[in-house]
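What follows is a short report on a single structure.
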Amino acid sequence: MMVKQKMMMNSDGIREYGSFRDPAGRVYWVGDSVYREVNSLYFEQYDKLMESGLYDELVKFHALIPHEEVYRDEKYITIRPQVIPFISYPYEWSFGELKDAALVTLKIHRRAMKHGMILKDATAYNIQFVNGYATLIDTLSFDNYTDGDAWGAYGQFCRHFLAPLLLMAYKDFTLNRLLMLFIDGIPLDLATSLLSGKGGMFARQHIIWHSRSVQRHNSDGKNKNKDSVKRISITKKQHLALIDSLIRGVESLKFPHKDTEWGTYYSNTNYDDSSIRSKKEILNRYLDKIQPGTVWDMGANDGTFSSIAVSKGAYTVAFDLDPVAVESNYDQVRINHSTMLPLVLDLTNPSPSIGFANRERRSISNRQRPDCLLALAIIHHLAISNNLPFDMIAEWFSSLSDCLIIEFVPKEDSQVKLLLATRRDIFPDYSVEGFEASFLNYYSIVEKEHIQGSKRILYHMKKRN
Amino acid sequence: MYFDPGTGSLIIQVIVAGLAVLAGYFGIIKGRFLGFFKKGKKNDDAINDGETKDDDEL
């Protein structure tokens with residue numbers, strides 16, 4: 001149904017600050033709805049996307065976010081895309097998530113060529129995860145394709161996807177965090193230096209040779225003889241062969257197997273069966289009472305307990321510091337297509353706001369206010385391993401959500417003994433009494449229960465007014 | 001395009017795209033050679049023209 005009243009970004013909406021580079025349109029918010037304003041200079045491409053069958057095919061495969069056209073006149077079209085439950089960024093993704101984001105970008109581009117169109121950009125920020133599907137959210141990313149056109153976004157694709165994937169596969173799986181420092185992807189000369197020759201012919205072509213070519217032609221635009229900067233073209237056959245070879249190359253990249261401290265936490269004998277069952281049963285009851293629509297699990301590990309929130313109908317963001325655990329969790333989510341989003345996050349150094357004016361990509365605190373936080377088996381890591389006082393933890397948690405389910409792990413617990421085994425115990429206030437005294441400054445305790453077979457206590461807390 | 005694709009990126013693209021075509025031809029030749037010894041097995045072309053073989057996947 002068409003809304004007759006035209007919605008103007010400037011008068012009705014709040015601009016989405018991360019949407020400014022492409023003059024084809026702008027994104028803005030009105031209440032909880034997001035709108036994309038399409039300029040008349042892009043009408044031709046938009047209509048071709050919609051009428052060629054490309055839009056329907058991509059939506060069918062969950063590759064493009066669906067939208068509703070709500071207004072159209074000779075100057076503007078306004079569309080209302082489906083809202084993404086939680087915006088995440090490539091420096092928070094696991095290896096598998098970044099790989100799937102790269103593959104969907106390439107496959108969308110390949111399918112677009114079948115309809116006489118191409119992707120005009122290949123930024124990782126155009127991809128979001130919706131129920132385990134990597135999905136393009138920028139409906140205006142498509143442009144007309146003419147035989148002979150090279151892929152203008154190839155350089156961007158290599159910086160945003162190939163460089164971090166190769167670094168994660170061949171050097172260290174945390175190196176996608178470099179994307180936080182480099183807003184338009186990892187520079188190819190840096191990636192070349194860090195790879196140190198690893199990555200085979202795939203890296204050699206798309207990173208090393210590519211980097212040399214970029215450096216060699218950096219000053220071409222300064223050449224006053226404009227004829228020397230010629231139009232570069234490749235045939236359609238070459239173009240498709242390039243895309244297919246990129247797809248094969250990305251598909252061949254593997255997450256390097258490595259044992260990490262927390263990668264298989266719940267597979268180890270930290271809990272016996274009765275403790276796990278008891279913890280799950282208590283969590284089930286708390287969640288049945290709270291009925292949250294959105295949950296953040298702050299130390300989700302492989303999603304064992306996040307899955308309980310999902311089973312209650314909550315959209316759950318499952319954060320963990322350990323990339324191996326997040327990868328394991330994502331392996332399940334991409335099969336089950338559940339309403340869970342696993343992400344890598346260091347609670348002691350969470351994602352900040354970055355980009356122009358520090359507003360382009362939002363900090364964790366500014367993206368969503370979840371109905372409930374889960375803080376299971378993490379308090380001792382924060383307080384003891386990271387020397388964080390209880391009241392600072394409570395203050396931050398209470399700023400994120402009004403509801404908290406938190407597990408207190410006492411000093412008698414084997415995990416805490418392990419943490420204190422090689423250091424002085426400088427934590428006189430680390431006790432149930434100290435924990436409750438600090439958290440009661442910010443929360444009231446709705447209920448608490450001991451987990452059977454352990455000395456741990458599971459709390460349900462509600463933020464004080 | 002709303003950003004500079006970079007001359008260096010476009011030039012290297014010509015080279016790697018050409019290599020990709022060659023790799024595709026070698027793949028076809030290899031497939032036909034191996035297929036000669038495997039009766040009843042079809043050889044898939046390594047290069048397609050944008051038509052996906054299976055409309056059940058992207």
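Lettering of chains follows the sequences in order, A, B, ..., and the numbering in each one begins at 1.
- Put simply, the side chain of A:Asp184 does not reach to within 4.5 Å of the side chain of B:Phe3, judged on heavy atoms.
- No donor-acceptor pair under 3.5 Å is formed between the side chain of A:His160 and the backbone N or O of A:Thr123.
- Partner A:Tyr145 forms a ring-ring contact (aromatic ring centres under 6.0 Å, His included) with one of A:His239, A:His109, A:His115 and no other, that one being A:His239.
- Contacts of A:Gln205 with chain B are made by both backbone and side-chain atoms, with heavy-atom separations under 4.5 Å.
- For the options A:Leu188, A:Ile243, A:Asp121, A:Val214, heavy-atom pairs under 4.5 Å to chain B are most numerous at A:Asp121.
- Only the backbone of A:Ser233 comes within contact range of chain B, with heavy atoms under 4.5 Å apart.
- Heavy atoms of A:Ser245 lying under 4.5 Å from chain B belong exclusively to its side chain.
- Closest heavy-atom contact between A:Lys99 and A:Val250: CE-O, 3.3 Å.
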